[in-house]
Amino acid sequence: MTAPANFKFLSRQRRVREDRRFVAGKGRYIADINRPDALHVALVHSPHPAAKIVSIDADAALALPGVHYVLTGADLAKAVEPMMNGLDTPHVRRFPLAVGQARYAGEWVAAVVADTRALAEDAAELVNVDYEPLPFVIDGEEAYTPQSAPVHAEHGSNILLDRTFVWGEVEKHFSESEHHLSFRVTWGRNSTVPIETFGVLAAWDPWGETLDVWASIQMPKYADQIARAMRLPGNAVRVHYDVDVGGSYGVKRGIKHTVLVGHLSRLLNRPIRLIEDRLENMRAGDAHGPDRIFDVEVAFNSDGIVRSMKMRALDNAGAYAGRAPFQLGKPIGAIVGPYKIASVQYRAISVTSNKAAQEAVRGFGQAPTNYAIETMMDRVAAHLGLDRIELRRRNFIRADEFPYLIPSGTKYDSGDYHTVVDKVLAHVGYEALIAERDALRARGMLAGIGVAACLEPSGGNSSFEPLLNDKNTTTTWMEACRINVDALGAIAATIHTTSSGQGHETLTSTVIGETLGLDPETIRIVRPDSLASLPGNSPVGSRMAIMLGGAAHLAANKLIDKCKAIGALQFGCAVEDVEYAAGAVSHAASGRKLAWAELVNIAHRNFHLLPEGAQPGLEASHVYQVPTAGDLPTTDGRIQMYPCHSFEFHVVLTAIDPITGKVDLKRYVIGHDCGVVINPHIVKGMTLGGIAHGLGATLMEEFAYDDQGQMMSQTFMDYLLPSSHEVPQVEIVHHCTPSPLTVFGQKGSGESGYLGSPAAISGAINDAVAPFGVRFEKLPIRMTKISDAVAAARSGKA
Amino acid sequence: MKVELTINGATHVADVEARTTLLDCLRDKLGLTGAHAGCEHGVCGACTILVDGEPARSCLMFAAQADGYEITTIEGLAPAPGELSVVQDAFCETHGMQCGYCTPAMILTAHSLLSRNPSPTREDIVEAISGNVCRCTGYGQIIEAVELAARRLAGSNAAEDAR
Amino acid sequence: MKAAAFEYVRPVTLSEACAILRADEDARVIAGGQTLVPMMAMRLARPSRLVDVARLPELAGIADEGAAVSFGAATRQLDAEKSTLVKIKLPLLAAALPWVGHRPTRSRGTVGGSVANADPAAEIPLVLVTLAGEVEFATADGVETCAARDFFTGPMMTALPQDAVLTRVRFPVWSGRVGVGFHEVSTRRSDFAYVSACAQVRFENGVCAQLAVGVGGGVPVPTRLDAVAQALVGTAMSDADIDAALEAPVAALDIMTDHYASTDYRRRVARELAARALRDARDAAIGAAA
């Protein structure tokens with residue numbers, strides 16, 4: 001591990017190379033990729049939250065000139081396998097189109113294929129579906145009850161997962177503790193809602209028997225899943241990774257879309273294109289996020305030390321299982337947050353309901369869990385009359401206690417929480433901030449301060465899979481890089497995934513440039529298609545700085561080793577005596593040196609000068625295992641989840657109009673420690689964007705359903721994304737505690753900001769309304785609700 | 001129907017349906033794919049172009065309505081192939097983007113702002129870009145980019161069209 | 001989200017436009033299209049024919065008529081916002097215009113389109129009703145004038161006949177110097193307002209000589225509160241005067257509700273925003289007089 005100051009390219013304020021094409025309008029997004037012979041798909045969607053599909057009459061649609069085909073779920077189900085579930089729930093069957101029964105309002109019931117998208121929409125209106133409405137269930141707690149209408153009757157109930165973990169002596173710690181309290185908080189259903197919807201173009205080649213796929217995808221094992229569902233060998237599906245993805249933040253998984261168009265392409269022998277429109281995306285893109293109720297009990301002492309926690313998390317997965325239940329599993333890896341809580345009982349419940357299906361969202365369940373943990377810390381502080389920050393400081397893991405094993409089996413790598421908090425408080429001027437809040441209150445505003453301290457588990461692997469599904473024995477979640485030096489000495493390196501704004505080309509070139517001591521600008525990054533790719537798992541779980549960065553570094557080290565071996569032979573010395581620096585090898589004792597061009601020439605042209613057993617050419621690959629990964633869970637449900645743990649500490653001051661409820665974030669400061677930073681611009685952007693995303697979840701974003709099971713926020717006029725007016729100017733206080741587990745000491749940052757801002761902003765609002773005896777325990781906290789609650793409290797007092 | 005459009009100073013003719021939006025015409029008929037579809041109902045701003053120098057939603061205009069105006073798309077901003085305008089370069093300098101999807105519209109909006117207001121305040125910038133939703137950045141580095149571009153333009157003799 | 005098919009026509013004269021509209025009852029007028037096009041994209045509106053009136057000379061221009069300023073219906077909202085005449089003679093409209101959508105929608109959206117669409121949360125109709133303006137429209141039978149208070153009949157509903165083209169929108173100009181106030185509230189600035197309120201005030205000799213106040217957003221149509229004006233004219237418009245004057249008229253408002261804002265919220269905030277608008281207008285009027 002090198003100290004940050006010694007880096008030449010790493011951690012420097014260098015430009016992000018991807019930006020150049022984006023500012024010129026030359027990004028290559030899925031909608032920019034077309035084939036002149038492609039046909040277009042529009043969807044027929046269910047108007048009912050639950051209904052038997054009695055019949056589908058497509059005659060009128062097919063009669064329109066330019067309409068090629070109408071596919072029903074029943075026909076599709078005969079030709080493809082059901083999509084995979086994360087858990088072992090074989091009777092929760094899911095196909096890209098509803099089969100026999102629609103399970104949420106908006107679900108795709110039939111797909112229309114036509115010459116143009118507009119024509120496909122015309123025809124979709126003419127498909128006549130006869131429905132028989134069925135009982136439905138929207139509320140998660142209601143779905144959990146045995147008498148609720150079953151979403152999948154064959155499954156027997158709406159319960160996908162109901163498992164209780166007990167880590168440590170929970171009952172003993174509860175009985176020993178001086179205080180207990182309990183509360184409920186609810187995380188409303190929202191999502192990342194990228195500005196680009198999901199899109200896919202699939203082209204079946206009947207002569208080569210291959211399916212070419214271009215998609216705005218962010219999905220581990222995507223090609224495998226398509227092949228499996230379509231009953232194709234894996235090497236018959238070629239996913240093109242050279243597609244720029246217009247935002248994802250977790251959700252762009254697209255299996256159902258891809259299986260649908262893949263099947264249609266094979267059936268019709270034409271390229272098929274499906275670009276979701278915004279309505280399709282919102283109501284049936286199957287990309288909603290966690291929808292979660294937390295019941296928390298906490299045991300603590302008068303000095304503020306939290307001894308134990310019992311958490312029940314009930315998540316409303318929506319109509320199908322997918323990977324939703326796993327979003328209850330990942331937070332197990334940081335279930336105590338940054339605190340020394342000795343024991344935990346965690347009950348994870350996932351239920352089906354007649355809402356749209358859920359998908360992975362930034363943080364994979366960690367942001368809701370952090371919101372619950374941080375609310376708990378605020379409540380304990382309020383109960384004891386302690387300052388919220390002081391309470392946290394008393395419970396933090398100390399810097400000298402790392403690596404620190406938490407009750408659920410994860411060892412935290414490193415951290416210095418107290419120092420980060422100190423730095424933030426010094427920066428913000430905490431006493432002055434309190435004075436500012438009080439001055440605002442004196443002027444008649446509602447004003448409050450919120451704080452949140454939380455972790456970003458990073459380096460994503462999939463330990464939650466074997467933890468929650470006995471049949472799953474996955475213990476690796478590798479990432480890879482290949483570096484090729486051509487005969488002229490130029491370097492091209494590969495990455496084996498699409499990117500959705502994370503700057504992986506910059507990451508990889510920077511790491512290789514740093515390792516080789518060569519200018520990163522000269523290193524080209526390419527994305528082979530899936531058939532030419534090394535194994536990998538795509539950018540999920542804040543992993544690529546750690547995993548792709550690690551793979552690139554270790555591949556570069558292999559190149560250096562080759563160069564040294566060539567040098568040793570030339571110098572007639574031991575390999576250990578050869579130095580590598582900036583592309584050249586040298587031998588200190590003899591003063592001899594071989595420059596890059598000479599090394600390249602030997603490798604590519606002079607087999608006679610290569611060491612015994614060496615392969616000609618100059619290339620190296622590395623497939624990198626997740627640090628710390630490799631074990632299956634223990635029988636009592638303990639496992640190392642992610643390897644690295646970034647830390648963030650938020651302080652926010654809000655001023656709220658007492659009548660309108662309008663929330664103004666007057667000051668927002670975040671202390672951020674993600675270890676060694678590879679590109680400061682990228683990390684800063686992730687953090688600011690994450691805070692904005694969390695602000696939306698806290699104040700305005702919600703996929704709300706009415707009593708009839710209809711989703712009320714299907715457009716951007718109802719589902720509100722924060723604009724530049726609502727997002728505050730954020731001040732970032734940096735700290736660097738390197739991870740001992742990674743090649744440069746780096747940790748993850750892709751979920752930063754988002755993991756703490758809901759807790760911090762909601763905490764600030766609750767501080768602001770506390771003088772009125774009001775408390776908000778459900779997100780989003782709409783401004784109108786703040787106004788109503790304060791008005792009710794005031795009239796009650798009057 | 002045929003429409004004749006003036007885009008980035010050149011005349012283009014396209015055969016469209018009456019219902020073809022200007023956005024779809026630019027992308028599908030004229031190959032100008034820098035304007036992006038985000039919501040297609042006028043909220044997100046990813047399709048923003050300039051019409052007679054002012055930002056406008058190309059998803060809220062039909063191509064048939066657009067003849068006779070000076071239309072500017074992101075493809076019209078770079079002074080030469082491979083060469084960035086001052087505003088484009090400033091966005092690269094501060095990393096005022098991530099996924100790049102809202103970026104062409106954001107840059108056109110910034111370009112328009114700086115054309116009418118060479119020294120905008122932070123509030124002016126916030127207001128100007130408030131109709132362009134960015135989901136990645138939280139806007140911080142975008143605002144910094146516009147501020148940087150304003151400073152650089154003030155200190156240079158860059159022509160109006162190089163903004 | 002592609003619109004259903006339609007025919008696009010761009011008549012060169014107003015009478016031609018009126019004739020087309022009379023011949024096809026499913027035809028609709030388009031000018032800026034900032035409200036209509038999203039409705040069409042979602043297929044909530046599916047006109048057989050769009051009659052583009054944006055370039056009709058009869059619908060162009062901002063006219064200083066002395067006691068009024070009138071806008072050709074196809075005047076872009078952004079052009080109205082940039083107009084010096086508007087800033088000087090219609091300060092209330094000038095205060096409201098920056099709240100209309102975003103600059104990229106104001107650059108295409110028209111003054112007449114905002115009035116004809118009659119969204120209860122729209123700013124221009126609120127100012128028009130508050131100032132007791134009027135609209136002119138033409139049909140194949142000729143031109144008619146309609147007072148703003150009679151024009152708006154419900155949410156997204158007006159007295160405009162199906163076959164009419166809205167031609168001009170006329171805002172009265174008050175003589176002397178006036179103060180104005182405009183407030184609206186929504187979760188995001190520039191979204192459709194939960195509630196909006198505006199006021200215009202003129203003072204003489206330390207008392208209010210002329211006053212208009214209206215609320216929009218939470219009500220089916222923009223609503224001018226004449227009783228408030230009656231109560232406050234002749235007073236110094238103390239904060240207490242204002243609160244007292246608003247109490248009964250706001251309580252009597254027909255308030256709408258939805259998932260996002262309760263009836264109580266809208267009534268409470270309407271009272272508050274009207275009070276803020278009146279206070280702002282008063283302070284500006286006194287400042288101007290002093």
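Bear in mind that the values here come from a model prediction, so they are computed numbers and not experimental data. To find a chain, count down the sequence lines: A is the first, B the second, and so on, and within it residues start at 1.
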With a 4.5 angstrom heavy-atom cut-off, which part of [X] approaches chain B: side chain, backbone, both or neither?
| X | value |
| --- | --- |
| A:T715 | both |
| A:K684 | both |
| A:Y29 | side chain |
| A:L279 | neither |
| A:V730 | neither |
| A:M686 | both |
| A:T192 | backbone |
| A:D244 | neither |
| A:I195 | both |

So for atom CD, which belongs to A:E521, do other residues, nucleotides or ligands contribute more than 12 heavy atoms lying within a distance under 6.0 Å?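 Counting other residues, nucleotides and ligands, CD of A:E521 exceeds 12 neighbours.
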Does CD belonging to A:E125 count more than 12 external heavy atoms closer than 6.0 Å?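 Atom CD in A:E125 is packed in, count exceeds 12.
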Under a 3.5 Å distance rule, please check whether A:R117 uses its side chain to pair with a backbone N or O of A:V41 as donor and acceptor.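 A pair under 3.5 Å: yes.
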Under 4.5 Å from any heavy atom of chain A, what part of [X] do you find: side chain, backbone, both or neither?
| X | result |
| --- | --- |
| B:E40 | side chain |
| B:I129 | both |
| B:Y139 | side chain |

Tell me, out of [options], who's got the most heavy-atom pairs with chain A below 4.5 Å.
| options | result |
| --- | --- |
| B:I142, B:I143, B:V133, B:I125 | B:V133 |
| B:H36, B:Q98, B:R27 | B:Q98 |
| B:T73, B:T94, B:D89, B:N132 | B:D89 |
| B:A37, B:G34, B:G45, B:S130 | B:S130 |
| B:E75, B:R19, B:E127, B:E17 | B:R19 |

Please lay out, stage by stage, how A:K252 and A:E359 fare under the test salt bridge (Lys or Arg N to Asp or Glu O under 4.0 Å). CA-CA 8 Å; A:K252 282 190 175 157; A:E359 197 39 275; over 6 Å; no
Could you walk me through whether A:E276 and A:R283 pass the salt bridge (Lys or Arg N to Asp or Glu O under 4.0 Å) check? CA-CA 11 Å; A:E276 286 176 340; A:R283 64 191 172 204; over 6 Å; no
Would A:E726 and A:S723 count as having a side-chain donor-acceptor pair, cut-off 3.5 Å?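 Present: a donor and an acceptor within the cut-off.
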